[in-house]
> 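Quick one: the structure is below, and I'll ask about it shortly.
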Number of protein chains: 2
Amino acid sequence: MYVINDKEFKCSVGVTLDIFNDKWKLSIIWHLLDNDKRFKELSEEISEITQKTLTVKLKELESKNIIHREVFPEVPLKVVYSLTPIGQKLRSVLESMFNWGIEYVKEHGTITSENTCEVNLSKN
Amino acid sequence: MYVINDKEFKCSVGVTLDIFNDKWKLSIIWHLLDNDKRFKELSEEISEITQKTLTVKLKELESKNIIHREVFPEVPLKVVYSLTPIGQKLRSVLESMFNWGIEYVKEHGTITSENTCEVNLSKN
DNA sequence: CTGTATCCATGAGGATACTG
DNA sequence: CAGTATCCTCATGGATACAG
């Protein structure tokens, strides 16, 4: 049994799922894997997300120590998000999900255009 | 770009997430990894889930070809759920999530009792 | 540029009772 | 035993306008 901030988990798989069990967090992590990003960059790359939701999700990920937020007090304001060390370690999780998804699509889906995932998963 | 049942995905990671992006499916898959299970067994092992929700989630997983449902027309009725071949291949995803979760707990949580995950992840 | 503040629609999932 | 059928609550996340 594990406890994290008064939340109980029977299994560490649940701990991991709790990090990205919603519509957007995994996508945010994905886009930060290879490069740090500004708020606007994330907003443009994950174009379907609203500003409000992006803000909420970034805060949640920051509070769980998955991402780091750094403010540059320039004008206009510049804020850069990056993965923490433990956040970077999610790369292997993403990688296995990436590979399984490919296999699943081969069996049950269709590929309408080439890979649009720009992330280099083999890095590290 | 991938298409599965009229649903579009930019990345295969999203395909995988879509399989278990809710409160219960990953737990159900977890409990089927090593052994096939009857409805009642699942219901007891995942004790917090309601019958209705378990039914719904099993149907969803079956429709996505992650699990197989077999009916034995005995009295009383016997229904056994098992992972399909592609479902079994989720083992590696579960394993990487399991391992990451352990690391995360070491940094940000506490272990209140020993491992209650009874699944043998190294199998196969 | 990087957020906040409101308001609102939707659907997942819980409680409970019932059925083949 | 293995589900269905209702009803209901609550939180996620979308739309939009505003602010430091």
> Can you tell me the distance, in whole Å, between the CZ atom of B/Arg69 and the P atom of D/dA2?
10 Å
> I'd like to compare against my own output: the B/S/- annotation of nucleotides 10-20 of chain C with a strict under-4.0 Å heavy-atom distance to protein.
---BBB-----
> How long is the line joining CD1 of B/Ile28 and C1' of D/dG3, in whole Å?
14 Å
> For B/Lys78 and D/dA2, give me the distance from atom NZ to atom C1', rounded to whole Å.
14 Å
> Apply salt bridge (Lys or Arg N to Asp or Glu O under 4.0 Å) to residues A/Lys57 and A/Glu60 and explain how you reach the verdict.
CA-CA 5 Å; A/Lys57 295 306 160 185; A/Glu60 290 176 3; 3.3 Å; yes
> Looking for any heavy atom pair under 4.0 Å, which part of the strands does A/Phe72 touch: base, sugar-phosphate only, or nothing?
nothing
> What class does the angle between the rings of A/Trp30 and A/Phe98 fall in, given that below 30° is parallel, 30 to 60° is tilted and above 60° is perpendicular?
parallel
> For A/Tyr81, does its backbone N or O pair with a side-chain atom of A/Glu70 as donor and acceptor, under 3.5 Å?
no
> Answer with base, sugar-phosphate or nothing: what part of the nucleic acid does A/Lys59 contact at a heavy-atom distance below 4.0 Å?
sugar-phosphate
> Do the side-chain N or O atoms of B/Tyr81 get closer than 4.0 angstrom to the phosphate oxygens (OP1, OP2) of D/dC1?
no
> Please confirm whether the shortest side-chain N or O distance from A/Lys40 to OP1 or OP2 of C/dC1 is below 4.0 Å.
yes
> Please say yes or no: joined through hydrophobic side-chain contacts below 4.5 Å, possibly via intermediate residues, are B/Val56 and B/Ile28 part of one cluster?
no
> Out of D/dC1, C/dG3, D/dT4, which has the shortest distance to the side chain of B/Thr55?
D/dT4
> In whole Å, what is the span from the NZ atom of A/Lys25 to the C1' atom of D/dT12?
10 Å
> Rounded to the nearest angstrom, tell me the gap between atom CG in B/Leu42 and atom P in D/dG3.
10 Å
> Expressed as a whole number of angstroms, how long is the span from A/Glu44:CD to C/dT2:P?
9 Å
> Check step by step if side chain to side chain contact (heavy atoms under 4.5 Å, CB included) holds for A/Glu95 and B/Val13.
CA-CA 8 Å; A/Glu95 186 174 4; B/Val13 174; over 6 Å; no
> Rounded to whole angstroms, how far apart are CZ on B/Phe39 and P on D/dT4?
9 Å
> Does A/Arg38 put a side-chain nitrogen or oxygen below 4.0 Å from OP1 or OP2 of C/dC1?
no
> Measure CG/A/Leu54 against P/C/dT2 and give the value in whole Å, please.
10 Å
> Taking B/Lys40 first and then B/Glu44, would you say they form a salt bridge - that is, a charged N and a carboxylate O separated by under 4.0 Å?
yes
> Show the numbers, then the answer: is there a side chain to side chain contact (heavy atoms under 4.5 Å, CB included) between B/Ser92 and A/Trp100?
CA-CA 9 Å; B/Ser92 58; A/Trp100 188 91; 5.5 Å; no
